[in-house]
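Whatever order the structure lists them in is the order used to number ligands and atoms, beginning at 1.
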Amino acid sequence: MSQYHPKFSSSPIVETLRSSLKNRICLALDEPDVVRARSLLLAIGDMVGMIKVGPVLFMRSGMRFLEEISDRGIPLFLDLKWHDIPNTVFGAISGLSLPTLRLLTVHAQGGEAMIRAAREASDSLPGVSPLVLAVTLLTHLDDRELGRLGVSDRGAGVLGLGSLALESGAHGLVMAPGDLSSARNRFGGAPYLVTPGIRWEEGSVSGGGRKDDQVLAGSPKEALLGGSDLLVIGRPFLKSQDPKRLLEDLLSSV
Ligand SMILES: O=c1ccn([C@@H]2O[C@H](COP(=O)(O)O)[C@@H](O)[C@H]2O)c(=O)[nH]1
């Protein structure tokens, strides 16, 4: 029997985001060279559902590049994975002013008060409030590393952190493709579930058959079948000779 958690009922803001995105592909723009980042933005920015900016680009271009994406009307995911005391996280999020910002991240391990502060700050932003996503267990952590962090069972760790985060006000979670099915089984369809660690080898263009540091990589099909709302893909596009064709092949295969 499914252990669906009745507390997590569908929220209009999550449903609106689900129905408004062009597709479920999110380009992770982890490009240190701003000129190259811009050329990828111009090549495929209008074709993906969302663009994610994390510390790699943010440290080089600050808010400027985020504003550039937002000015183009592209849904934006700010992935700075805050993990700090509640007051600091509240202050960071409440300073945001990006009209197309739709997702932001905190670490679930920051705990209940921090996640509540993130949610409160996000709710108070003018315009459409971004969803607060909590990162459960990072996709590069193998069992040995998890053991050293005191986590003996990955699945239980993801579900435990996921429960904590959703009960504390997070709209959704970030997890590896292989963790999705048990999360959907436990939490139901309401939370917005995002999956990085996407790798594939299909069709005429390779989607980065190598896993890089993504120990828990899974294919786009696995992630979609597991119930992912958004597939976060970086290096396969960043390293591709023809990112537009790679994206077209991917979109036609899923
Ligand atoms: O557990 C996590 C959380 C976030 N990420 C981010 O997703 C992308 C993945 O990029 P690839 O190049 O496709 O591996 C990257 O921005 C990470 O910071 C993650 O990989 N795992």
Side-chain angles (χ1 to χ4, degrees), residues 24-33 36-37 40-41 44-45 48-61 65-66 69 75-83 102-110 118 131-143 145-146 149 151 154-155 157-162 165 170 172-180 183 191-202 205-224 226 228-240 243 246-247 250 254:
R24 295 193 199 191
I25 307 298
C26 173
L27 166 64
L29 209 41
D30 296 326
E31 171 56 68
D33 179 335
R36 286 175 57 119
L40 198 53
L41 170 67
I44 60 170
V48 291
M50 192 169 303
I51 291 187
K52 180 173 92 70
V53 174
V56 175
L57 186 55
F58 188 76
M59 294 307 291
R60 268 87 178 178
S61 72
F65 208 91
L66 292 169
I69 298 171
L76 188 53
F77 178 175
L78 180 58
D79 186 21
L80 294 179
K81 298 185 190 67
W82 286 291
H83 188 174
R102 296 292 173 265
L103 299 176
L104 53 82
T105 44
V106 296
H107 271 287
Q109 290 178 49
L131 304 189
V132 174
L133 303 178
V135 179
T136 56
L137 291 175
L138 291 163
T139 52
H140 76 288
L141 294 170
D142 60 13
D143 287 345
E145 285 227 64
L146 285 176
L149 292 169
V151 179
R154 182 177 180 92
V158 168
L159 293 179
L161 287 165
L173 304 170
V174 180
M175 63 187 60
D179 297 326
L180 276 167
Y192 198 80
L193 300 187
V194 170
T195 42
I198 304 292
R199 294 293 185 275
W200 71 104
E201 189 91 61
E202 282 165 19
V205 186
S206 164
R210 47 179 295 182
K211 288 167 132 192
D212 302 307
D213 52 357
Q214 297 287 10
V215 171
L216 292 159
S219 73
K221 274 183 192 155
E222 280 164 358
L224 291 172
S228 178
D229 285 299
L230 195 68
L231 314 188
V232 173
I233 306 174
R235 282 163 288 183
F237 289 125
L238 299 174
K239 290 180 181 172
S240 170
L246 181 65
L247 178 59
L250 175 61
V254 291

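Among Leu146, Asp142, Thr136, the one residue that satisfies the side-chain contact (heavy atoms from CB on, under 4.5 Å) test with Arg154 is Leu146.
Ligand 1 has no nitrogen or oxygen under 3.5 angstrom from a nitrogen or oxygen of Pro236.
No donor-acceptor distance shorter than 3.5 angstrom exists from the side chain of Arg199 to the backbone of Asp212, with no hydrogens or angles considered.
Contact atoms of ligand 1 toward Leu138: 1 (O), 2 (C), 3 (C) (distance under 4.0 Å to a heavy atom of the residue). Proximity to Val232 (heavy-atom distance under 4.0 Å) selects the following atoms of ligand 1: 7 (O), 8 (C).
Under 4.0 angstrom from ligand 1, the non-hydrogen atoms of Thr139 come from both its backbone and its side chain.
Listed here is the closest heavy atom pair of Ala165 and Ala108: CB-CB, 4.3 Å. Between Ile198 and Pro177, the shortest heavy-atom contact is CD1-CG, 3.9 Å. Residue Thr195 comes nearest to Ala223 through the heavy atom pair OG1-CB, 3.9 Å, listed as atom of the first residue, atom of the second, then distance. Nearest approach of Asp213 to His140, heavy atoms of both residues: O-CB, 3.2 Å.
The option from His107, Lys52, His140, Arg199 that lies nearest to atom 17 (C) of ligand 1, judged by heavy atoms, is Lys52. Nearest-heavy-atom check against atom 3 (C) of ligand 1 across Arg235, Met175, Lys81, Gln214 picks out Lys81.
Look at Asp212 and you'll find every heavy atom at least 4.0 Å from all atoms of ligand 1.
Looking only at protein heavy atoms, the nearest one to atom 13 (O) of ligand 1 is Gly234 N, 2.8 Å. Counting protein heavy atoms only, atom 15 (C) of ligand 1 is closest to Asp30 OD2, 3.2 Å. Nearest to atom 7 (O) of ligand 1 among the protein's heavy atoms is Pro196 CB, 3.3 Å.
Looking only at side-chain heavy atoms (C-beta outward), Val232 and Met50 stay at 4.5 Å or farther from each other.
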